[in-house]
Structures are given as structure tokens and as C-alpha cells.
Amino acid sequence: MKKISNYVHDQWIEGTGTGIVLYDPIQGTALASADATGLDLNAAYGWARQTGGPALRSMGYSARAAMLGRIVDVLQVNKEKYYDIALSNSGTVKSDSAIDIDGGIYTLSWYAKAGAKLNSQAFLTDGEAVPLARDNAFATQHIQVPIQGLALLINAFNFPSWGLWEKAAPALLSGVPIVVKPATSTALLTYEMIRDVVEAKILPPGAISLICGRPEGLLDALNGLDIVSFTGSADTAATLRSHPRIMHDGAKLNAETDSINSAILGPDADPASIQLLVREVVRELTIKSGQKCTAIRRIFVPESTYDTIAQSLALSLAKVTVGDPRKDGIRMGSLVNLAQQKAVRAGVATLEKHADILFDGRRQLTIDAPADSACFPPVLFGVRQPDEHPLVHDVEVFGPVATLIPYRDIDHAWQLARRGMGSLVASVYSEDTALLAQAAFALGDSHGRVHLVTDAVSRIHTGHGNVMPQSNHGGPGRAGGGEELGGLRALRFYHRLVAVQSAPEVLKHLAG
């Protein structure tokens, strides 16, 4: 069985322990093992800071952008290999694998192009100089300086490619060395991608490190000038926040956690908007088997349309084919592993006690896969009295599960959506442009992204759950309180804001 190596000190090093086995979630076969036992993380982090950081910062933004472009070329050449790995290790159909693999490459490519337009200075200016004394004899200029620590990138199991590159792209473009810690269960794809990039000798020494398995002291080896970018559960984020390196020493943490996202049908509820809503809900229930932090979990519709939309969703879900992605005609693959399947079953059992089942794929669909696979079919719940069912606003089942919820009027819809206490995204479907504009303000403080859909954009909108590099990804409260992407705004996390106070002739040099 293949053993995944770690990459530290610019060397591939195997752990000294027995390792954690990675499985095919459909066939149950062992694919590889990952282990980080015995790694000297203090030395590894020191190498990244002292070797990788200076080498990256000496290049300038445009040169680093060109470096990202060369990484894109390497990944494109090896794409078919990555698809095979995603199939065997994540159990995803090809279109779902594309969201992860092609999405990661596209994000990297976008930052390569955007970064090419930046200057070749060692820092970025932030605004204009502001006088601090009469006649502008003394003034202040803000600049963004790349951190001289490292960026520890801790990623979730559902996006081993995109989760890597959406963090790595702005970090490397900023001139910050990265230490990548993928989720163990799907680390094989991350490992192969990084191995291909390393062998192509694109990055300077110390610029990238990879740690797989469950290492001791992952955060202990940080210092107060390092940063951590995390994607995963709220419970893990809370554990990270309480670590002394973050809570006491001041290492900066960006957390993106799961949330209970909403899709809202406007009160006008015309046939086109209903069709758009139903299509998007079914897509979000089935893509990656619902294992997306941005997936639709609550569907808010006018009370008068509840039964009609419940029937329409059930009819569409009845057509979904679930099973082994190796077989023709399969639309939806498996959950990532049996542990995740067990968690989804437990979540469904909890919601069953408090909600009606409008569509139950466990009884209405045939799963075309071995009986012991990690597949789980879509389940649609409904509650007619949402104010009396707090669990639907609090319990997220990280799989193909959503709940249909009626609202009395649009203010009631906004109120219900906000009961998620912070979400990554809400989408609204309507032909009422004034209502859609209102949605941006009504939902903006509790959501990182507001996705507004009319029939005019039905064929071109990027989708409720798709995270684009041009737009902010993150959300307040339960969603983690973090911010990622958003174009070149992403670079801010990897820089320090510094106020420089001096005479105007000195500050002119900062402006370039």
C-alpha cells in the first residue's frame, strides 16, 4: 500500500508510525496511508520562515504571479490523474470532481493574471498620504507589508484541490511561505498535486511544505507572527482559537466553518423563479453529495406555494441516480467515507423527530453501489411552522439533506434566514428587482455572499454554492467570521497594515 510522504526542509519524509489508511468510499479498498509521526515541526517551520519567506519576498508581486501561472501549467498537464484520484478517494462523479480540480486551477489562474498587474515593489500602498501637521510638513501613509512568518493552511476533506489552491494562491502571491495540512481522509489528491509542483521546481526552497496525517504540535510550532487559515467544523475552529499560539501569542486566525445556508423564493413566485429555485436546490443537494459548506440547507418559500414546491422538488429528486461513479448514468456519488455516512444518518434521525419527510431517497431510490459503500441518497424535510422548530435553523446535516420552510411575508423570510446566526451564502429567486436589491441589505450583515437570481441570468449565473475567486467567501457568526478570496482583497490576510509617519518627501518613495 502506498505511503504518503510529508514534504519539509525541501525533502520528502515518511512518518515513523503506522499511519492512517485512506479508503475508496465505494469499493472499500485501501488506497494509501498518511502519517506525520516523528516530524520536527519546529525545524520545518523555521526552514519555511528563514528560507522560503526571504526567497519569495525578493521576487516581487508580478514575478510571483508568473510563478503561479507556471503552477497552473503543471496542474493542467496532470489533470486526468487528479480525476482518477478524486474518483477513487472521494467517490465523486466527474462533474463534481471538476468543481474541485478545475475550480482550484481556475482560482490559481485568476490570481496569476490579477497579480501580473501589481507592481514589483516589496509592499502595497493603502490609500493616500494624509497630513498630520500644518502645511503637510508631516504626514502618514498606510502600506501593506507581507508577513515574515508562515501561513499554515488547514483544509477540509471535501475540497482537497480547491481548498488548497484558493488559500495557497493569495499566500504565495503575497510572498508568504505555506505549510499545507490537508484533511487526512482525502489527502491523496493534495499530495499528488504538491508532488507534481515540487518536481517541476517552480517554487523557491522553503516556499511550500506538506504535512499529512495527525502530527503532534501542529500549532505548538507556530509563533505570534505566523497566520493560520482554516476550513472545517465550528468545534475545531473553537479549539484552534483557544490554542496559546493564537489566544495568547497573537498568531492570526482566519476561520471558515460550515453554516446553514438559505435559498429564498420571492413573494412574486412566478413560474420562472420557481423553476430556478427547484433546479438550484436539487443541484445543491446532489453536487458532492451535499458535502459543501455553501450547500443549501433551508429553502424558504411563500406559504401559498409550499405544497406545490414540495411536490416539484420530490419529482425532481426521484430522477436522481445514486451510486458508483464508475457506472454510466450515475449522477450522484458517495459521501467521503463511512464515518461521514454515520454522521449524516445521525443528523437525519435528529431532524426526523421534528420535521416531516417530503422525499426520502432511502426508500424511493435504488443505490447502484455495494451495500457497504458510503453512498447516501437525498432526503428532503419540511416544517409548516418554522417559528416552532428551532432545530432546522441550528442542526446542519453535512450531506444531501435540506428542509423546506414556508414564510408569511418577506420580512418573515429575512428573519428566518437570519436565525442561522451567520451563513456563508443566501440565494434569492425573483423577478422583482426592488426586492432583490432589498435582499442585499436585509441579509448582508448575516451572510458573506448574497446571490440574486432572475430569469435573465438563469443560464449564466455562477450558482448558489460555487465559490468564485472574484467574490468574498466567508461569513459572520456560525460561519466562522472569516474572509477569503474577494479578488485581491485576499492578499490583506497575508499582509500587515503599517502606518508610516514621516515627511512628504520620504512618503513619496512609498507611493512608488
Side-chain angles (χ1 to χ4, degrees), residues 260-287 290 295-322 331-332 348 351-352 354-365 377-389 391-393 397 400-417 419-420 425-436 438-439 442-443 451-459 461 463-465:
I260 304 181
N261 309 296
S262 305
I264 304 170
L265 178 65
D268 48 318
D270 69 300
S273 296
I274 292 175
Q275 183 182 18
L276 288 170
L277 172 85
V278 170
R279 183 192 308 162
E280 199 66 13
V281 168
V282 173
R283 274 172 41 87
E284 289 297 308
L285 273 169
T286 55
I287 290 175
I296 294 170
R297 306 300 181 194
R298 297 174 297 163
I299 310 146
F300 297 109
V301 300
E303 288 178 339
S304 60
T305 68
Y306 179 87
D307 291 322
T308 299
I309 293 173
Q311 182 180 24
S312 183
L313 285 169
L315 288 172
S316 295
L317 290 171
K319 300 174 185 177
V320 175
T321 50
V322 183
R331 175 177 172 183
M332 177 175 148
V348 168
L351 289 179
E352 276 184 305
H354 303 274
D356 302 321
I357 296 182
L358 305 179
F359 177 83
D360 192 344
R362 297 169 297 176
R363 296 172 176 82
Q364 295 171 255
L365 296 177
V379 177
L380 178 68
F381 288 101
V383 292
R384 291 186 179 273
Q385 302 296 329
D387 296 314
E388 300 173 11
H389 293 273
L391 276 184
V392 300
H393 307 293
V397 183
V401 180
T403 303
L404 183 67
I405 303 170
Y407 65 80
R408 295 184 298 273
D409 53 42
I410 196 60
D411 288 334
H412 188 217
W414 304 149
Q415 174 194 345
L416 291 171
R419 285 184 67 177
V425 55
S427 55
V428 185
Y429 305 81
S430 174
E431 292 302 308
D432 184 340
T433 54
L435 172 85
L436 293 175
Q438 179 191 354
L443 300 173
H451 188 73
L452 308 174
V453 184
T454 64
D455 189 50
V457 299
S458 62
R459 297 184 182 278
H461 77 93
H464 166 102

Query raised in the report: Which atom names give the shortest non-hydrogen contact between Pro406 and Arg384, and what distance separates them?
Result: CG-O, 3.5 Å
Report task. Nearest 0.5 Å please: distance from the CZ atom of Arg279 over to the OG atom of Ser312. Result -> 11.0 Å
Query raised in the report: Can any side-chain N or O of Asp356 pair as donor or acceptor with the backbone N or O of Leu358 at less than 3.5 Å?
Result: no
Requested in this report: Take Leu277 and Val301, measure what side-chain contact (heavy atoms from CB on, under 4.5 Å) needs, and give me the verdict at the end.
Outcome: CA-CA 10 Å; Leu277 172 85; Val301 300; 3.9 Å; yes
**Report entry** pair Pro386-His412: side-chain heavy atoms closer than 4.5 Å
**Finding:** yes
Report task. Supply the atom-to-atom distance Gln364 CD to Ile357 CD1, rounded to the nearest 0.5 angstrom. Result -> 9.5 Å
Report task. May I ask you to check whether over 12 heavy atoms, not counting those of Arg283, lie within 6.0 Å of atom CZ? Result -> no
Report task. Could you tell me whether the side chain of Ser430 and the main chain of Asp432 form a donor-acceptor pair under 3.5 Å? Result -> yes
Query - Shortest non-hydrogen contact between Phe381 and Val379, atoms and distance - result: CE1-CG1, 3.7 Å
Query - Nearest-0.5 Å distance that lies between atom CD1 in Ile264 and atom OG in Ser273 - result: 13.0 Å
Query - Leu285 side chain near Glu280 side chain, heavy-atom distance below 4.5 Å - result: no
Query - Shortest non-hydrogen separation from Gly266 to Pro302 and the atoms involved - result: O-CG, 3.7 Å
Query - Side chains of Leu416 and His393 in contact at under 4.5 Å (non-hydrogen atoms) - result: yes
Report task. Identify, with sequence neighbours excluded, every residue that meets ring pair (Phe, Tyr, Trp, His ring centres under 6.0 Å) alongside His461. Result -> His451
Query raised in the report: Tell me, do Thr454 and Leu436 make a side-chain contact under 4.5 Å, heavy atoms counted?
Result: yes
Report task. Could you tell me which non-hydrogen atom of Ala439 sits nearest to which non-hydrogen atom of Val428, and how far apart they are? Result -> CB-CG2, 3.9 Å
Query raised in the report: Should the heavy atoms of other residues, nucleotides or ligands under 6.0 Å from CD of Glu303 be counted, would the total exceed 12?
Result: yes
Report task. Sequence neighbours left out, what passes side chain to side chain contact (heavy atoms under 4.5 Å, CB included) with Ala314? Give chain and number order. Result -> Phe359
Query raised in the report: Going from CG on Asp455 to CG on Asp270, what distance comes out if it is rounded to the nearest 0.5 angstrom?
Result: 7.5 Å
Query - Test item: Leu404 and Tyr306 side chains (from C-beta on) under 4.5 Å apart, heavy atoms - result: yes
Query raised in the report: Has the side chain of Tyr407 got a donor or acceptor atom that lies under 3.5 Å from a matching backbone atom of Leu265?
Result: yes
Query raised in the report: Does any non-hydrogen side-chain atom of Met332 lie less than 4.5 Å from one of Pro400?
Result: yes
Requested in this report: Decide whether Asn261 and His464 meet the rule of one side-chain donor and one side-chain acceptor closer than 3.5 Å.
Outcome: no
**Report entry** Residues Arg331 and Thr321: side-chain donor-acceptor under 3.5 angstrom
**Finding:** no
Query raised in the report: For the atom pair CZ (Arg419) and NE2 (His389), what is the distance rounded to the nearest 0.5 Å?
Result: 10.5 Å
Report summary line: Between Val392 and Ile260, the two heavy atoms sitting closest are O-CG2, 4.0 Å
Query - Ion pair Arg362/Glu352, N-O distance below 4.0 Å - result: yes
Report task. Please name the pair of heavy atoms, one in Leu317 and one in Pro378, separated by the smallest distance, quoted to 0.1 Å. Result -> CD2-CB, 4.0 Å
Report task. With rounding to the nearest 0.5 Å, note down the distance linking CG in Asp387 to CZ in Arg408. Result -> 5.0 Å
Query raised in the report: Does any non-hydrogen side-chain atom of Ile299 lie less than 4.5 Å from one of Ile405?
Result: no
